[in-house]
Amino acid sequence: VGPLIYAAGMLLFLRLQPGSNLWLEVVPAVLVIGLGMVITVAPLTGTVMGSVPPENAGSASAVNNVVSRVAGLLAIAGLGVVMSAVFTGQVAEQTQKLDAATAASLHNAAKDPSSALNNLTGGFSPTVINAIKEAYTPAFHWVIIVCALMAALGGLISFIMIRRSANQSNIGAKEKNQPAA
């Protein structure tokens, strides 16, 4: 259930637009994500640690930690690819709507969108800043969708595997209690 709650929290981020209200859109999403993580992480860690003899607890903890870190790194890399691809496509769409000089300015701003949005460099026009925002928002939303789908998939796989494991344990217990023929 935890990954599904986490996925729902991620989907709440789809309401975010430039200028969204922190308290009305961000905080509720973060609280739902936190609830999903609380329901997921503690039982997962307990299961990992409880599935090995006490003398192997250090190794189990290390493996659990390494898997978590590697998964996080792979997710960041993969989500970066999604973000970059969608942002680049959106910038290309935006440039088609602009005159040549503004389109060139947009391409310069797109090289470092954070600086452009914070007006740290270049003194970009409001048209360019708005185009960056319009390109960034769908890219952010696609990252959120991918995160939510991956969490929901993880929850579904866990549900299937836990049920299968429980059913196999029950079948094995019944077979042990059957008298020999």
Side-chain angles (χ1 to χ4, degrees), residues 1-42 44-45 64-159:
V1 173
L4 298 176
I5 293 171
Y6 174 89
M10 290 302 290
L11 291 175
L12 288 174
F13 276 129
L14 291 176
R15 300 179 314 163
L16 290 178
Q17 299 292 326
S20 289
N21 184 296
L22 172 75
W23 293 104
L24 296 178
E25 279 113 15
V26 176
V27 171
V30 170
L31 291 174
V32 173
I33 288 169
L35 177 63
M37 293 300 290
V38 164
I39 292 171
T40 302
V41 174
L44 175 63
T45 302
N64 187 40
N65 193 23
V66 166
V67 168
S68 173
R69 301 284 184 227
V70 170
L73 291 172
L74 291 174
I76 289 168
L79 293 171
V81 168
V82 170
M83 181 73 158
S84 179
V86 176
F87 180 77
T88 301
Q90 291 292 317
V91 166
E93 274 185 38
Q94 294 292 327
T95 58
Q96 293 175 357
K97 303 174 187 175
L98 303 171
D99 61 81
T102 308
S105 181
L106 174 57
H107 276 291
N108 286 335
K111 291 176 186 173
D112 189 2
S114 297
S115 292
L117 289 174
N118 293 315
N119 279 327
L120 298 177
T121 60
F124 297 105
S125 71
T127 302
V128 170
I129 301 298
N130 190 45
I132 291 287
K133 288 179 182 178
E134 287 184 28
Y136 181 81
T137 303
F140 175 74
H141 286 169
W142 271 105
V143 167
I144 295 302
I145 290 167
V146 170
C147 286
L149 287 174
M150 295 303 290
L153 181 63
L156 180 63
I157 290 170
S158 297
F159 178 76

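Since we're looking at a predicted model, the values are computed, not measured.
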Mind running side chain to side chain contact (heavy atoms under 4.5 Å, CB included) on F13 and I33 for me, showing each step along the way?
CA-CA 10 Å; F13 276 129; I33 288 169; 3.3 Å; yes
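- With hydrogens and angles disregarded, no donor-acceptor distance shorter than 3.5 Å links the side chain of R15 to the backbone of V26.
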V70 and V66: side chain to side chain contact (heavy atoms under 4.5 Å, CB included), yes or no, with the steps?
CA-CA 6 Å; V70 170; V66 166; 4.1 Å; yes
Please tabulate, one pair per line, all N/O donor-acceptor pairs under 3.5 Å involving side-chain atoms of residues 77-93, not counting sequence neighbours.
from	atom 1	to	atom 2	distance (Å)
T88	OG1	S84	O	2.8

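- Shortest non-hydrogen contact noted between S105 and V128 is OG-CG2, 3.6 Å.
- Sequence neighbours left out, the pairs with a member in residues 124-141 that pass side-chain hydrogen bond (donor to acceptor under 3.5 Å, both in side chains) are Q94-E134, N130-E134.
- Of all heavy-atom pairs between P113 and I132, the closest is CB-CG2, 4.0 Å.
- Considering only heavy atoms from C-beta on, L149 comes within 4.5 Å of I145 through its side chain.
- Panel note: side chain S158, backbone G154; a donor-acceptor pair is recorded below 3.5 Å.
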List the steps and the verdict of side-chain hydrogen bond (donor to acceptor under 3.5 Å, both in side chains) for D99 and T102.
CA-CA 6 Å; D99 61 81; T102 308; 2.9 Å; yes
Given side chain to side chain contact (heavy atoms under 4.5 Å, CB included), test L16 with F140 step by step and report yes or no.
CA-CA 9 Å; L16 290 178; F140 175 74; 3.8 Å; yes
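- Side-chain atoms of I5 and V1, non-hydrogen and from C-beta on, do get closer than 4.5 Å to each other.
- A29 approaches L12 most closely through the heavy-atom pair CB-CB, 3.7 Å.
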